[in-house]
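Structure first, then comments.
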There are 2 protein chains.
Amino acid sequence: MKEETKQAIIEAAIFVFNEDLSAPMEKVAERADMTRRTLHRYFGERRELLSSCLQEMQKVCSIAMANALEISDNPKEQLENLLYAAIDCGVKYSFLHKIQQLHGYQHLQNETDNARYDQTFGKVRMVLQNLHKKTDGVSFITVEWMTVLFFGVLTASIEALNHKKMNFSEIKSSAWYSFKMGINL
Amino acid sequence: MKEETKQAIIEAAIFVFNEDLSAPMEKVAERADMTRRTLHRYFGERRELLSSCLQEMQKVCSIAMANALEISDNPKEQLENLLYAAIDCGVKYSFLHKIQQLHGYQHLQNETDNARYDQTFGKVRMVLQNLHKKTDGVSFITVEWMTVLFFGVLTASIEALNHKKMNFSEIKSSAWYSFKMGINL
DNA sequence: CTGATATGTCACATATTTGAGACTTTTTTA
DNA sequence: TAAAAAAGTCTCAAATATGTGACATATCAG
């Protein structure tokens, strides 16, 4: 069993399931450019694949977020780096986020997953809370709104990437500019 | 055949398919609080239901956008009203948008649908283009970015609505504040 | 109350998706 | 190049999803 192939399947599955959670395995195989039979040699059941996708996303995102936080001690710079890290994670970050919000898919989550969730998304909220305290009441923008806007700006970044009309660094600088202005920073 | 029931099915389907495009009919029936058998009396085939959802979303959104444009002649005010209208349409707007972006679902779209698409999303782009011309080059924010950010802010608004920690008017004013600051207006 | 309309229940045929066995071909690597 | 590993092909059984007929209930208007 090639680890490389396994990884390719997971990447393909993240892409496909992000667009259509109940898409047939055939679609994942297509995307990974292989037979469904091969795919099934790596992942016996559908559940297993989905679970591996979650694990992968959680791993990648939590590491990226943790690293981003370490770059600086300044909350504003931390926020900036968290945004860049989230954009780097791309669909991995947004799919993970989506799964959390989803109605009727609790069976995809266990306690460990929820702990991991905090390791990723919790960091953003924490930094936002710090920043909000410092500007003590000047802004009518709530922490709640800042949190959802963070994800909204990420969504915009991912879509901009898909259109390929902007490059990574353009997107990142626009995203950070819009976000910081949007939360009155 | 009660028109009311038919409408309820469509609303349920929009909700369910927005979360999971390939979700089984059973899930739609559950959401609409009825039997699958009843659902099938209204919509013979799955395709038919999905198609009705698209039509419904296109109808509601294009009307809302058209009305929003008529409120004012001032581009900035037009943009503000378009954003509010989009928030009012909620998932109808974002699901429609998602379908357009989706890979491998061209079969859901015909020429008429694409014309309708322009009637909705085209208006936003048009107004953004006007505004961008006026600020002639002062801002490094591109029309491309403004367009995707518009949708990003909408995503944030919808999520804020789901959490129920903010009310409609709070969300709208935050959304407009963040968007206009974000595009340097 | 009564008939009409809408919905629910059960049953069933068909279609699609899933998962795996057996064997062949291709690719890797020693 | 030859053995081992990985991937493809063909096949098929089981599970799940889809669509409909027949009949029982429920709901509602007159």
Side-chain angles (χ1 to χ4, degrees), chain A residues 1-57 95 98-99 102-110, chain B residues 1-57 91 95 98-99 102-110 113:
Chain A
M1 302 281 264
K2 282 166 76 183
E3 191 54 39
E4 191 190 336
T5 306
K6 188 169 184 176
Q7 203 55 35
I9 293 172
I10 292 175
E11 294 295 320
I14 288 175
F15 179 90
V16 171
F17 292 153
N18 180 50
E19 287 193 343
D20 183 359
L21 196 53
S22 295
M25 298 290 264
E26 188 71 47
K27 296 239 181 194
V28 179
E30 269 172 37
R31 174 84 197 175
D33 199 39
M34 63 181 64
T35 328
R36 193 167 59 86
R37 189 65 191 84
T38 300
L39 194 159
H40 268 106
R41 286 208 184 88
Y42 287 83
F43 297 94
E45 297 193 356
R46 196 197 151 76
R47 265 192 298 262
E48 209 182 320
L49 176 54
L50 205 40
S51 165
S52 291
C53 288
L54 279 178
Q55 268 189 275
E56 170 70 12
M57 295 189 294
F95 186 19
K98 192 201 293 181
I99 291 277
L102 236 45
H103 301 68
Y105 278 92
Q106 291 79 2
H107 61 280
L108 294 176
Q109 307 279 343
N110 55 39
Chain B
M1 302 278 264
K2 283 166 72 183
E3 190 55 38
E4 193 190 336
T5 307
K6 188 169 183 175
Q7 204 54 35
I9 293 171
I10 292 176
E11 293 297 319
I14 289 174
F15 180 89
V16 171
F17 292 154
N18 179 49
E19 286 192 343
D20 183 359
L21 195 53
S22 295
M25 298 292 265
E26 188 72 48
K27 295 240 180 191
V28 178
E30 269 174 37
R31 173 85 195 176
D33 200 40
M34 64 183 62
T35 328
R36 194 167 58 85
R37 187 67 189 86
T38 300
L39 194 159
H40 268 106
R41 287 207 182 88
Y42 287 84
F43 297 94
E45 298 193 355
R46 194 175 199 290
R47 267 190 295 261
E48 209 182 321
L49 175 55
L50 204 40
S51 166
S52 292
C53 289
L54 280 179
Q55 268 190 275
E56 170 71 11
M57 296 190 291
V91 293
F95 186 18
K98 192 200 293 182
I99 291 277
L102 234 46
H103 301 67
Y105 277 92
Q106 291 80 2
H107 61 282
L108 293 176
Q109 308 280 344
N110 54 40
D113 289 335

Assess whether atom NZ of B:Lys6 is packed by more than 12 heavy atoms of other residues, nucleotides or ligands within 6.0 Å.
-> no
Phosphate OP1/OP2 of D:dA6: any A:Thr38 side-chain N/O under 4.0 Å | no
Within the pair B:Thr5 and C:dA6, is there a side-chain N or O less than 4.0 Å away from OP1 or OP2?
-> no
Just to confirm, is there a sub-4.0 Å distance from OP1 or OP2 of C:dT7 to any side-chain nitrogen or oxygen of B:Tyr42?
-> yes
Whether each nucleotide of nucleotides 11-30 of chain C has a protein heavy atom under 4.0 Å at its base (B), only at its sugar-phosphate (S) or at neither (-) is summarised, 5' to 3', as -------BBBBB--------
Do you know the tightest heavy-atom contact between B:Ser52 and B:Phe43?
-> OG-CE2, 3.3 Å
For A:Met34 and D:dT9, what is the distance between atoms CE and P respectively, to the nearest whole Å?
-> 13 Å
Rounded to whole Å, CG of B:Leu21 lies from C1' of D:dA17 at a distance of 16 Å
Side-chain polar contacts of residues 25-42 of chain A - donor-acceptor pairs under 3.5 angstrom, sequence neighbours left out - could you list them?
unit_1  : atom_1 : unit_2  : atom_2 : d
A:His40 : ND1    : A:Arg36 : O      : 3.4
A:Tyr42 : OH     : A:Lys2  : N      : 3.0

Quick one: closest heavy-atom pair of B:Cys53 and B:Phe17, and the distance?
-> SG-CD1, 4.4 Å
Decide side chain to side chain contact (heavy atoms under 4.5 Å, CB included) for A:Ile10 and A:Ile14; before the verdict, give the C-alpha distance in whole Å, the side-chain angles of both, and the deciding distance to 0.1 Å.
-> CA-CA 6 Å; A:Ile10 292 175; A:Ile14 288 175; 4.0 Å; yes
Protein-nucleotide distance (B:Met1, atom CE; C:dT5, atom C1'), rounded to Å = 11 Å
Can you tell if the side chain of A:Phe15 reaches within under 4.5 Å of the side chain of A:Glu19, non-hydrogen atoms only?
-> yes
Figure out the CG/C1' separation between B:Leu49 and D:dA17, and round it to whole Å.
-> 15 Å
